[in-house]
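Okay, so here's the structure we're looking at.
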Amino acid sequence: AIVGSYPVEIQSVTAGVNTLLGNYNISFSNGSLQVQQRPLLISAAPASKTYGSVLSFQGNEFVLSYPGPGKDDKPALVNADQVSGVLLSSTGAPASANTGEYSILVSGATGTGLANYDIFYQEGLLDVEPAPLQITAENKSKVYGDSDPVFTVAYTGFVNEQGPDIVTGLVISRAAGESVNTYQITPSAASAPNYSISYGMGQLTITPAQLTVTAENKSKVYDAQAFTGFTSQISGFRFTDDASVLGGSLLYGGAAAAATEAGTYTGGIVPSGLSSTNYTFEYVPGNLVISPRPLTIRANAHSKVYGQPDPVLTREITSGSLASGQVLSGSLQRATGENVGSYGISLS
């Protein structure tokens, strides 16, 4: 029976044991049966979303219950009645709603047989959670001895057309160290309304600085020995570094390293051999000039009597000297003639 008032009529009366109805003058008065609305509680189901997303209610996110006496044992609906949908709304549903808790309002139930119910609505709870925001330090590099570059970060996760301008308190630091190596860059301490922040690390790569090793030009007078006094100038040191921080030792190769003959050996002094973690090396060749050794040789004067054989012609060094271990070779010749007179002696 649907909600309403229904008459109740007495159809017959039956006497009880030891009761004689003939002793009574009976009259009948009809009564009524009142069918009242069944209480029905419609509660909005709890919901959640992240900041920046839109919650679209479908109208079926609700819970039905019977709120009357003995409610735990009684069904919410009877007689195949149905609630097919309700109207749900919340100020937290739009993408622009800040993080926090919002009420879900429920109303306007539709279905079958609902006129027989006294409907109560109970609000639900919508939890708007922070949106995830990733802040990642960008990789950087510098040359050993240079100042650190400006550290920067990349953002992933902004919504609602927001950007880095809403982020405050960001600190970017790096692991200590100035030698050639890789150092972690760490962002931290940032905050942004409506976001849950996580961090990604970056790397600072310190690359070697370049030293220029320039072989100094050298010269000597020919002495038949290879030159050994090579030296170089080193430029480009960083901080308070000097040659003491370098490994290896300076070696010299090239045409000049074994040169013994007089001449100009352009680019013939080639340095090499140094090593360092913090430096690379550019080697600049130098020149070696071996000048001819000055030497004056004179043919000695000789004489003979007309008709006699020529004497043995001789020579001598009048200035300079021969290199160690070397001797003169060649011959002496005189001008042709046997008559009394003076004849020139030449060296060849």
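It should be emphasised that the depicted structure is a prediction, and the values quoted were computed from it without experimental measurement.
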Q) What residues form a side chain to side chain donor-acceptor pair (under 3.5 Å) with T260, not counting sequence neighbours? A) none
Q) Among all residues two or more places apart in sequence or in another chain, which pass the side chain to side chain donor-acceptor pair (under 3.5 Å) test with K220? A) D223
Look at the side chain of [X] and the backbone N and O of [Y], then say whether any donor-acceptor pair between them is shorter than 3.5 Å.
X: R293; Y: S321; value: yes
X: Y121; Y: A109; value: yes
X: E129; Y: D127; value: no
X: N217; Y: N287; value: yes
X: S84; Y: T110; value: yes
X: R174; Y: Q184; value: no
X: R298; Y: A301; value: no
X: K142; Y: L204; value: no
X: S276; Y: N278; value: yes
X: Q122; Y: S43; value: no

Q: Test T214 against Q233 for side-chain hydrogen bond (donor to acceptor under 3.5 Å, both in side chains), laying out the working first.
A: CA-CA 5 Å; T214 304; Q233 293 291 327; over 6 Å; no
Q) Does the pair T136 and V153 meet the rule for a side chain to side chain contact (heavy atoms under 4.5 Å, CB included), with working shown? A) CA-CA 5 Å; T136 302; V153 296; over 6 Å; no
Looking only at side chains, do [X] and [Y] share a donor and an acceptor under 3.5 Å apart?
X: S191; Y: T168; value: yes
X: D242; Y: S244; value: yes
X: T112; Y: Q82; value: no

Q: Take I42 and V106 through the test side chain to side chain contact (heavy atoms under 4.5 Å, CB included) and record every step on the way to the result.
A: CA-CA 8 Å; I42 302 178; V106 55; 4.1 Å; yes
Q: Salt-bridge test for D310 and K304: reply yes if a basic N is under 4.0 Å from a carboxylate O, no otherwise.
A: yes
Q) Salt bridge between R38 and D81, side-chain N to carboxylate O under 4.0 Å? A) no
**Q.** More than 12 heavy atoms from other groups under 6.0 Å of CD on Q134
**A.** yes
Q. Near Q36 CD, under 6.0 Å, is it more than 12 heavy atoms from other residues, nucleotides or ligands?
A. no
Where [X] and [Y] come nearest, the two heavy atoms and their spacing:
X: V167; Y: A190; value: CG1-CB, 3.8 Å
X: P67; Y: L41; value: CD-N, 3.9 Å
X: P149; Y: S141; value: CG-O, 3.9 Å
X: V128; Y: G92; value: CG2-O, 3.7 Å
X: A262; Y: S291; value: CB-C, 4.2 Å
X: I269; Y: Y252; value: CG2-CD2, 3.7 Å

Q: Could you check K140 against D148 for salt bridge (charged side-chain N to carboxylate O under 4.0 Å, His left out), going step by step and ending with a plain yes or no?
A: CA-CA 9 Å; K140 298 290 181 178; D148 281 354; over 6 Å; no
Q) How would you list all residue pairs meeting ring-ring contact (aromatic ring centres under 6.0 Å, His included) that involve residues 133-183, not counting sequence neighbours? A) Y144-F239, Y144-Y279, Y155-F158, F158-Y195
Q | Trace of the side-chain hydrogen bond (donor to acceptor under 3.5 Å, both in side chains) decision for T99 with N194 | A | CA-CA 5 Å; T99 55; N194 300 311; 3.2 Å; yes
Q: Decide side chain to side chain contact (heavy atoms under 4.5 Å, CB included) for Q210 and V143; before the verdict, give the C-alpha distance in whole Å, the side-chain angles of both, and the deciding distance to 0.1 Å.
A: CA-CA 9 Å; Q210 180 173 284; V143 175; over 6 Å; no
Q. From I297 CD1 over to S319 OG, what is the distance, rounded to the nearest 0.5 angstrom?
A. 9.5 Å
Q. Step by step, would you call Q333 with S346 a side-chain hydrogen bond (donor to acceptor under 3.5 Å, both in side chains)?
A. CA-CA 5 Å; Q333 294 179 339; S346 62; 4.6 Å; no
Q.
Can you see whether Y343 has R334 sitting over its ring - NZ or CZ less than 6.0 Å from the centre and within 45° of the normal?
A. yes
